[in-house]
Amino acid sequence: MNRKYADRFFQYFFRMVSLVSVLALGAILIFVFAQGLMPFVGATAPGIRLVVQNIGELAVNGRVYRNVPDSISLEEDARFISLRFPSGDAGEEVVDIEVNADERDARKRLVFARNPSAKVSYPEAYVVTLGWPGLMAGRDRKIHIILPEPPYSPVEFIGGMQWQPVRDKVFGVFPMIAGTVLASLGAIFLGVPVALLCALFMAEFLADRPAAFARGAIELLAGIPSVVYGFFGLMVIVPAVKNVFGIAAGNTLLSAVVVLALMILPTVITIAESSMRAVSLSLKEASLSLGASKMQTAWHITLFHAHSGVIAGIILGISRAVGETMAVILVAGNSPQLVFSPLESVRTLTATIAMEMGYASGRHSEMLFSIGVVLFIMILALNSLILRLRRGMDVV
Amino acid sequence: MKRFLVAAFVGAFALSSVFAGGSGEAAGAQNTPYTIEVGGSTSVTPLMEKFAEAYAKVRPHVKVNINPTGSGDGIKNAGTLYQIGMSSRELTPAEQGQGFRVETVAIDGIAVIVNSANPVGSLSVEQIRDIYTGAAGDWGQVSGSGKSGKIAVVSREAGSGTRGAFEELAGIKKLVAGANESTSTGAIKAGIAQNADAIGYISLGSLDASVKALAVGGVAASSANVVNGSYKLARPFILLSKADAHAESKAFLEWMLGPEGQAIVKTSWIPVK
């Protein structure tokens with residue numbers, strides 16, 4: 001009787017636990033997607049916003065503010081902005097602006113009726129600042145006109161070549177997508193052959209005791225925090241690349257590839273080696289008894305029959321290379337440019353998120369979530385591609 | 001055995017609650033423990049850590065939690081997540097107008113640094129602008145001291161307070177393509193200490209002997225020259241709070257702006273009062 005209740009309790013307990021973990025994963029996905037899709041569906045604000053500094057009394061479109069709030073929002077469809085405020089002894093500053101809502105170019109959207117008395121400046125995209133000298137030194141009177149940013153085109157986001165998030169507010173991530181792909185591919189091409197040969201050597205040729213020692217050492221390597229690899233790269237690989245190739249800075253795609261290749265070694269070796277050990281002894285004995293050499297057996301029997309584990313190791317290696325952040329930030333140089341040579345500075349998607357998340361505000365911060373969505377889709381596509389490849393191989 | 005253990009636990013709980021109650025009463029009503037959350041700029045963090053350390057002696061029941069996240073985050077979450085937000089740059093127009101109380105707590109110079117082996121000792125603001133916009137790509141174009149070779153330009157990431165202030169002061173509109181971007185003062189120093197062709201910039205308060213600070217327009221990078229206005233590359237350290245902040249966080253803010261706080265500022269930065 002007791003047993004039955006205990007079983008039922010554990011059944012519900014397991015269901016609850018899996019439900020909670022599925023819900024948590026779903027919540028993370030929904031959060032990232034909701035944030036990341038925001039810049040493409042709506043404008044940043046419904047209408048024009050004014051930010052006023054050091055002006056005590058102000059009339060905006062006929063409405064008088066005696067105690068000017070920090071921020072004044074205009075109506076959504078305001079076609080003009082008329083600003084009036086007392087200045088000096090009996091004077092009055094007057095600025096009349098016509099709003100050309102259909103104008104695509106943000107700089108031309110505001111048309112000043114006559115030469116304004118203010119100094120007009122454009123500190124960043126979608127912001128126009130009117131400035132007057134202050135009544136006291138250092139207390140310049142300013143009115144910032146903040147225009148709403150229209151929805152961003154997804155094509156310009158994915159295909160854009162420029163990443164100027166602060167001043168120009170241009171968000172093109174193609175160089176970063178290319179950077180992530182190139183760095184990961186390079187690491188795989190450099191790291192996987194080395195890892196497979198190493199695993200084969202440990203599984204087939206090394207005596208038991210040294211093999212166990214080597215295995216322990218490699219597992220230890222897998223546990224080292226990535227920032228340590230990054231600092232090793234910064235102190236050793238970056239200067240080496242600089243000196244060997246005689247370039248100005250060693251923070252390049254090549255350095256990132258070398259560090260990433262080192263980082264995926266332990267993962268690929270451990271998994272590949274254990275699957276090679278699992279290859280049935282009878283297969284190897286059959287091969288040897290037919291007269292094949294030890295080398296031929298290792299190459300044709302062990303490696304071939306362990307392919308499922310080898311591919312699993314490569315998948316994990318790719319995931320590690322694509323998702324790696326800290327080590328890459330330290331050695332890659334992080335310039336958001338399209339690279340045509342391994343000796344140029346490169347930036348990855350994850351590096352962009354990690355570097356700029358703390359500093360970003362407004363649309364810039366939402367765009368970093370959009371990069372997260374791009375990364376998510378890339379990894380999903382990669383995994384399903386590899387799964388398909390693997391299914392194809394299993395049939396053979 | 002089991003019963004004994006339970007009894008021991010209950011006893012321990014009872015005792016600890018008695019002691020806790022006792023100490024609470026001894027501390028008095030106005031000294032209830034309080035934690036002030038501070039967050040934002042990584043450049044302001046070293047100064048804030050010194051403040052927190054000293055304030056722990058002035059008001060031991062107040063704990064200051066520092067979250068070094070970045071100026072943007074400090075401004076965005078001032079008054080909500082953080083009672084005090086830290087920024088190492090002026091607020092952008094879009095960030096203004098949220099009813100913040102904005103206080104400049106210190107002035108920090110920005111040192112332009114090169115490798116110790118670099119013979120170049122001084123650059124003008126125009127030369128720095130040329131290097132960072134790509135108009136000058138070789139040391140031979142700017143040094144006048146015989147050094148040549150491609151310049152490795154090192155900058156900070158977009159949105160960084162140090163970068164924003166540096167670009168505004170030097171008049172840099174668009175960073176040269178291929179410039180390295182580092183996320184922290186430490187990474188920039190480490191990178192420049194082992195690269196004889198590199199140039200970068202860091203907070204003057206974080207300068208040490210591992211790299212060499214250039215004179216800008218012939219004026220050496222020092223606190224004294226920032227104070228007398230001859231060294232042009234300087235920016236404010238700003239603290240943001242809301243009017244409805246807790247009394248303890250207001251008191252902490254006043255203390256930082258007061259003589260004791262400003263004396264701490266003086267150790268590596270430039271006081272405002």
Side-chain angles (χ1 to χ4, degrees), chain A residues 44-45 49-53 69-72 123-124 126-129 142-146 162-168 230-231 234-235 238-239 242 246-252 326 329-330 332-339 344-345 347 351-352 354-362 364-365, chain B residues 39-42 67-76 87 89 91-100 137-139 149-161 163-164 167-168 172-184 186-187 190-198:
Chain A
T44 46
R49 194 159 69 90
L50 304 180
V51 171
V52 185
Q53 279 179 293
D70 286 338
S71 164
I72 302 168
E124 53 185 271
Y126 301 106
V127 177
V128 181
T129 299
K142 280 182 184 165
I143 298 177
H144 304 283
I145 303 170
I146 299 168
Q162 293 282 331
W163 178 260
Q164 304 283 349
V166 177
R167 202 190 314 270
D168 300 336
F231 249 93
L234 186 63
M235 291 306 177
V238 168
K242 174 182 157 61
I247 47 178
N251 305 67
T252 56
M326 266 325 289
I329 287 182
L330 284 169
N334 305 315
S335 179
Q337 59 174 353
L338 202 58
V339 285
E344 284 182 272
S345 165
R347 190 196 280 198
T352 308
M355 289 170 76
E356 298 182 3
M357 192 52 98
Y359 290 101
S361 60
H364 182 188
S365 138
Chain B
S41 166
T42 50
N67 308 276
T69 50
S71 295
D73 178 68
I75 296 165
K76 188 160 62 190
S87 168
R89 59 170 166 82
L91 275 62
T92 67
E95 285 165 342
Q96 285 164 0
Q98 301 178 55
F100 288 131
D138 196 287
W139 281 108
K150 257 186 113 264
I151 302 174
V153 179
V154 184
S155 184
R156 286 287 302 272
E157 71 278 26
S160 144
R163 173 167 168 179
E167 292 193 339
E168 196 181 323
I172 298 159
K173 288 262 182 281
K174 199 175 159 199
L175 186 66
V176 56
N180 282 351
E181 293 183 26
S182 285
T183 40
S184 68
I192 287 182
Q194 38 98 342
N195 188 346
D197 297 323

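Note that the coordinates shown come from a computational prediction; the quantities given were computed from them, not determined experimentally.
- Looking at B/Ala179, the atoms closer than 4.5 Å to chain A (heavy atoms on both sides) all sit in the backbone: N, CA, C or O.
- The part of A/Gln337 that comes within reach of chain B is its side chain, from C-beta onward, which places non-hydrogen atoms under 4.5 angstrom from that chain.
- A donor-acceptor distance shorter than 3.5 angstrom exists from the side chain of B/Asn195 to the backbone of A/Ala248, with no hydrogens or angles considered.
- A/Thr352 does not touch chain B: none of its heavy atoms, backbone or side chain, sits under 4.5 Å away.
- The shortest side-chain heavy-atom distance between A/His144 and B/Thr92 does not fall under the 4.5 Å cut-off.
- Comparing B/Gly178, B/Ala193, B/Gly164, B/Gly149 by how many heavy-atom pairs each has under 4.5 Å with chain A, the most go to B/Gly178.
- Using a 4.5 Å cut-off between heavy atoms, B/Ile151 touches chain A through its backbone atoms (N, CA, C, O) alone.
- Between atom CG of residue B/Asp73 and atom CE of residue A/Met357 there is a gap of 10.0 Å, rounded to the nearest 0.5 Å.
- Interface check for chain B: of the options A/Ala249, A/Ser345, A/Gly246, A/Ser335, the most heavy-atom pairs under 4.5 Å are formed by A/Ser335.
- The choice from B/Thr69, B/Val153, B/Leu175 that makes the most heavy-atom pairs within less than 4.5 Å of chain A is B/Thr69.
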Next on the checklist: Determine whether B/Arg163 and A/Val166 satisfy the following criterion, side chain to side chain contact (heavy atoms under 4.5 Å, CB included), listing intermediate values before the conclusion.
Outcome noted: CA-CA 11 Å; B/Arg163 173 167 168 179; A/Val166 177; over 6 Å; no
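- Between the B/Gln194 side chain and the A/Leu234 main chain, a donor and an acceptor come within less than 3.5 Å of each other.
- We find the CD1-OG1 distance between A/Ile329 and B/Thr183 to be 5.0 Å, quoted to the nearest 0.5 Å.
- With rounding to the nearest 0.5 Å, the separation of CE in A/Met355 from CD in B/Glu181 is 5.0 Å.
- A/Arg167 and B/Lys173 make their closest contact through NE-O, 3.4 Å (heavy atoms, listed as atom of the first residue, atom of the second, distance).
- Looking at A/Glu124, A/Lys142, A/Arg49 one by one, the single match for side-chain contact (heavy atoms from CB on, under 4.5 Å) with B/Pro93 turns out to be A/Glu124.
- For chain B, the option among A/Glu344, A/His364, A/Lys242 with the highest count of heavy-atom pairs below 4.5 Å is A/Lys242.
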